[in-house]
Amino acid sequence: MRMSKLFARTLREAPSEAEVVSHKLLIRAAYIRKLMAGVYSWLPLGWRTLRKVEAIIREEMDASGAQEVRLPIILPADPWKVTGRWETYGELMFKLKDRHEREMGLGPTHEEAVTPLVAGEFTSYRDLPVNLYQIEWKYRDEFRPRFGLLRVREFLMKDAYSFDRDEEGMRASYAAMVEAYRQIFGRCGLDYRVVEADPGQIGGDVNHEFMALAPIGEDEFVYCENCDYAADIEAATSRPPEPAADGELEPATKIQTPGRSTIQAVSELLGRPASALMKCILYDAGGRSVAVLIPGDREVNDDKVARAMWPAPVRLFEDEDFAARGFVKGYVGPQGLPADVTIIADHSVRAGRNWVTGANEVDHHVSGANVDRDFRVDRWEDVAQVRLGDPCPRCEGSLRLAKGIVVGHTYQLGTRYSKALKATFVDEDGTEQPYQMGCYGIGLPRTIAAVVEQANDEAGIKWPKALAPYDAVVIPTNMDVPEVVDAAERLYGELGSSGVEVVLDDREESAGVKFADADLIGYPLQVVVGKRGIQAGKVDLKVRATGARTEAPLDGAARSAKDLLGAAP
RNA sequence: CGGGCCGUGGCGCAGUUUGGUUAGCGCGCUUGACUGGGGGUCAAGAGGUCGGCGGUUCGAAUCCGCCCGGCCCGACCA
C-alpha cells in the first residue's frame, strides 16, 4: 500500500472528548472515526487490525473444536420473553417493530437464538458435545458509551455456546474454552489475568473474566502476589483471620458518646483504633431487616450481602427506615436486636472481642461487647470488601489490587437457558434432559483498545506484530533524490513479494512528518531510506516496540528487515 | 434517567460576562517557492446556517424559552 493513497489522515491533536490513551491514539492514527455516541466507523488501518484479531480468534476457536456459524443480528422477541430477558435486559437492548408490529431486537448476545437452533438439530446424547461460535456485531444500548472502543453500542464480539450432556462434560468444554482464550490473548500480546468473577443475579455458576491489566480499566480485581488466585473485587474473598485467642472478657459497659455517630468520631473520642470498633450496617432484604457486623476499619461488600440473602432483593437502609423500624442511625449495635432481624457477621468479627459498638440509643455506645454473651450472630458469612494486603484464601501470600479491562468472559450456564427454552436432548436412558450449557464471549474492539492501552508511548502505538495493520513501512526521506526514491520503491517491492505486509510512505512530506506518522500508526518496523545512507549503500531499520535502530546494507535489506520482524514481539 | 459542564470552518480553541460595522487564532487543506534524517520556513488562498427553532431588540455567536447533540460523575457489560 502506498501512503499517498491510503485512506488515513492522521491528526496532530485528538478530539477533546477523547480521554483515554487508546481512544486518542486510535483516532489520531486514523484507525477509527466516530459516527455517533458509541458507534464507530472502522478505517482501513483499523479494519485490518480488527481482521487480524478476528483471524487469531477464528484459528484458536477452530483448533479447540468449536464450529463457526452465523446467527442473525435481528432477533424475534419471543424467546427473550420466555427467558425473561426481554424485561431484565430491558433498555440495554435495542428494540424495534416491523410493519406488522411484531417485536424484535438487535442481538446483544445470542443464547436465545442458538439454544433453539441446537435443540432442533442435535436431539440425541450421541450428538453431544457441540460448541458453536460466531464473530458477529452486537448491539447494546449502553447507558453511557465512553472511552472510545472500550464501551460502545455496536461492537464485534466472538460468542461461543457449548452444549453438553452433563455437568462433567460442561466443565470439560469450559476448560477447553479457557485454554483457547489463553492462546488468543497470549497471541494478542496482552498482559492479562484470569479472574474469578461475581456470578451476580444468575446464581452460583462458575465464571471467569479475562482481565487485561490497565490503570484506566473499569473493573477492579485482586490477585495473589504468590499464587495464581485472582478474583473480581465483587467476588474476591480473603482467608478469614484466626479466631481471637481466649482471654479476659471485659464487662459490657454503656458509655456516653455525644454527637459521635461515625466510626472516626468514636475512635477519636475513645482513643481506640477503628479496628477495635464494630460497625453494624443495616439492609433491607425484601422487607426484612438485616444487620451486618464488620470491624470498623473494613467495608461491607454490598454484592456479597445480596448474594447471601438471595433471592431477596437487598438494599441499604435509607434514612426513613431507621426511625420506621426502631433503629437509631449512627448508634446501631447488635445487642438485643429482635429475632426478626437477621444478624450476619463477617468472619473477621471472630478475630476480635470486647468490641465498641452502638448502644441503640442516641449519643451512647457500648464497650466490651462480645459475641454470644452480649449479642447473637445468626449467620457467619464472607461479606467484607477485600483490601490490599489481605491474606490470600489459597496460600500464605497476600492480596494485591489492580484494575483491568474485561476483554473476555466465560460462563458455566448450566441449564438456565435450556430449561427455560425447553431445549432438551434424549439421553441414553430415553429421558429428555436439558442441555448443560456454557457461553463464552470476547469483545474484539475492546481487546484492540486494551492492547493499545498497554502498548504505547508519547509518540503513538507500539503494536505487537500480530495485531499491526501492516508489518513495516518504507520511508524515503528525500523525495527529491531519485536514487532514494528508486531504492525505496525497490525495497517496497522486495518486501511485498516476500510476504511482508508493507506500506511505502511515498508522500511529498518532510522526513519528520513521515517518522511521526510511522510512530503514531505503530508499524512494528520502519525501514528508512535516505540520501546519506544510499551514498554509503545502507538503510536504517527501527523496531518500533523497542526503539532499537540498526543499519543494514541496501542489498539484502529486505532480508535484514524480515529477520528483525521475525524477532520483534 | 439523576447531578455537573459544553456545542463557534475537518481538529483544538478565543470571542458570550457588559448585544454594535468585514467572527478571530493555531493545526490541517489548496497554490507557489525555498526545504528535506524527527510534525521545517515564507507568501498567497479556500473554507463558518456561531447546534436547531422560536422570541426580545433598530441590531443577537452574545439576552430569554423550547428542542437536539456531546462530554464528565453514578447503576450495566465484551
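Protein chains get the first letters and strands the later ones, always in sequence-line order, with residue 1 at the start of each.
When the C1' atom is compared between B:G51 and B:U62, the two are found 16 Å apart, to the nearest whole Å. Comparing the same atom, C1', in B:G20 and in B:G28 gives a spacing of 33 Å after rounding to whole Å. For the C1' atoms, the distance from B:U49 to B:A61 is 12 Å, rounded to whole Å. On the C1' atoms, B:G40 is 43 Å away from B:A60, given to the nearest whole Å. B:G7 and B:C50 have their P atoms separated by 15 Å, given to the nearest Å.
Of the candidates A:His208, A:Gln412, A:Glu179, A:Tyr174 forms a side-chain hydrogen bond (donor to acceptor under 3.5 Å, both in side chains) with just one, namely A:His208.
The side chain of A:Arg12 places an N or O atom within less than 4.0 Å of a non-bridging phosphate oxygen (OP1 or OP2) of B:G28. Contact annotation: A:Lys34 side-chain N/O to B:C71 OP1/OP2 distance is under 4.0 Å. Taking only side-chain nitrogens and oxygens, A:Thr10 never comes nearer than 4.0 Å to OP1 or OP2 of B:G39. Between B:G28 and A:Arg9, no contact under 4.0 Å exists linking OP1 or OP2 to a side-chain N or O.
Nucleotide B:A61 is matched to nothing when pairs are restricted to Watson-Crick or G-U wobble geometry with both distances under 3.5 angstrom. Within the shown strands, B:C1 is the pairing partner of B:G74 under the Watson-Crick or G-U definition, both distances less than 3.5 Å. Within the shown strands, B:G52 is the pairing partner of B:C66 under the Watson-Crick or G-U definition, both distances less than 3.5 Å. Across all strands shown, B:G10 is found opposite B:C27 as a Watson-Crick or G-U wobble partner, with both distances under 3.5 Å. Nucleotide B:G19: unpaired (no Watson-Crick or G-U wobble partner with both distances less than 3.5 Å). Within the shown strands, B:A33 is the pairing partner of B:U41 under the Watson-Crick or G-U definition, both distances less than 3.5 Å.
Atom CD1 in A:Ile27 sits about 19 Å away from atom P in B:G28, given to the nearest Å. Rounded to a whole Å, the OH atom of A:Tyr139 is 15 Å from the C1' atom of B:A78.
A:Gly530 comes within 4.0 angstrom of a base, heavy atoms only. If you check every strand for non-hydrogen atoms under 4.0 Å, A:Glu19 touches sugar and phosphate atoms only. Counting non-hydrogen atoms under 4.0 angstrom, A:Val528 reaches a base of the nucleic acid. Residue A:Asp540 is classed as a base contact, given a heavy-atom separation below 4.0 Å to a base. Within the nucleic acid shown, A:Leu11 has no heavy atom closer than 4.0 Å to any nucleic acid atom. Base engagement by A:Val513 is indicated by at least one non-hydrogen atom pair under 4.0 Å involving a base atom. Among the atoms of the strands shown, base atoms are found under 4.0 Å from some heavy atom of A:Arg549. Residue contacts for A:Val481: at a heavy-atom cut-off of 4.0 Å it reaches no nucleic acid atom on any strand shown. Contacts of A:Ser16 with the nucleic acid, taken as non-hydrogen atoms under 4.0 Å apart, involve only primed sugar atoms and P, OP1 or OP2. Heavy atoms of A:Ala14 sit under 4.0 angstrom from primed sugar atoms or phosphate atoms, though from no base atom. Backbone-only engagement by A:Ala511 is indicated by non-hydrogen atom pairs under 4.0 Å involving sugar-phosphate atoms exclusively. Residue contacts shown for A:Glu13 include a base, since a base heavy atom lies under 4.0 Å away.
Applying the 3.5 Å distance criterion, the base of B:G10 shares no donor-acceptor pair with the side chain of A:Arg28. One cannot find a donor-acceptor pair under 3.5 Å joining the base of B:C1 and the side-chain atoms of A:Arg144. In the interface, the side chain of A:Glu509 is not paired with the base of B:G36 through any donor and acceptor atom under 3.5 Å apart.
Without hydrogens or angle criteria, A:Glu103 side chain to A:Lys95 main chain gives no donor-acceptor distance under 3.5 Å. At least one donor-acceptor pair under 3.5 Å links the side chain of A:Ser162 to the backbone N or O of A:Gly438.
A cation-pi geometry, defined here as NZ or CZ lying under 6.0 Å from the six-membered ring centre and within 45° of its normal, holds between A:Arg48 and A:Tyr470.
Take A:Trp463 and apply the side chain to side chain donor-acceptor pair (under 3.5 Å) test, not counting sequence neighbours, and it matches A:Tyr31.
For NZ of A:Lys403, the number of neighbouring non-hydrogen atoms (other residues, nucleotides, ligands) closer than 6.0 Å is 12 at most.
Across all their heavy atoms, A:Leu45 and A:Pro469 have their closest contact at O-CB, 3.5 Å. Across all their heavy atoms, A:Val407 and A:Ala450 have their closest contact at CG1-CB, 3.9 Å.
Side chain of A:Asp519, nearest nucleotide from B:G70, B:G38, B:A78: B:G38.
Using a 5.5 Å limit on the distance between ring centres and a 30° limit on the angle between planes, the aromatic ring of A:Phe515 does not count as stacked on the six-membered base ring of B:G37.
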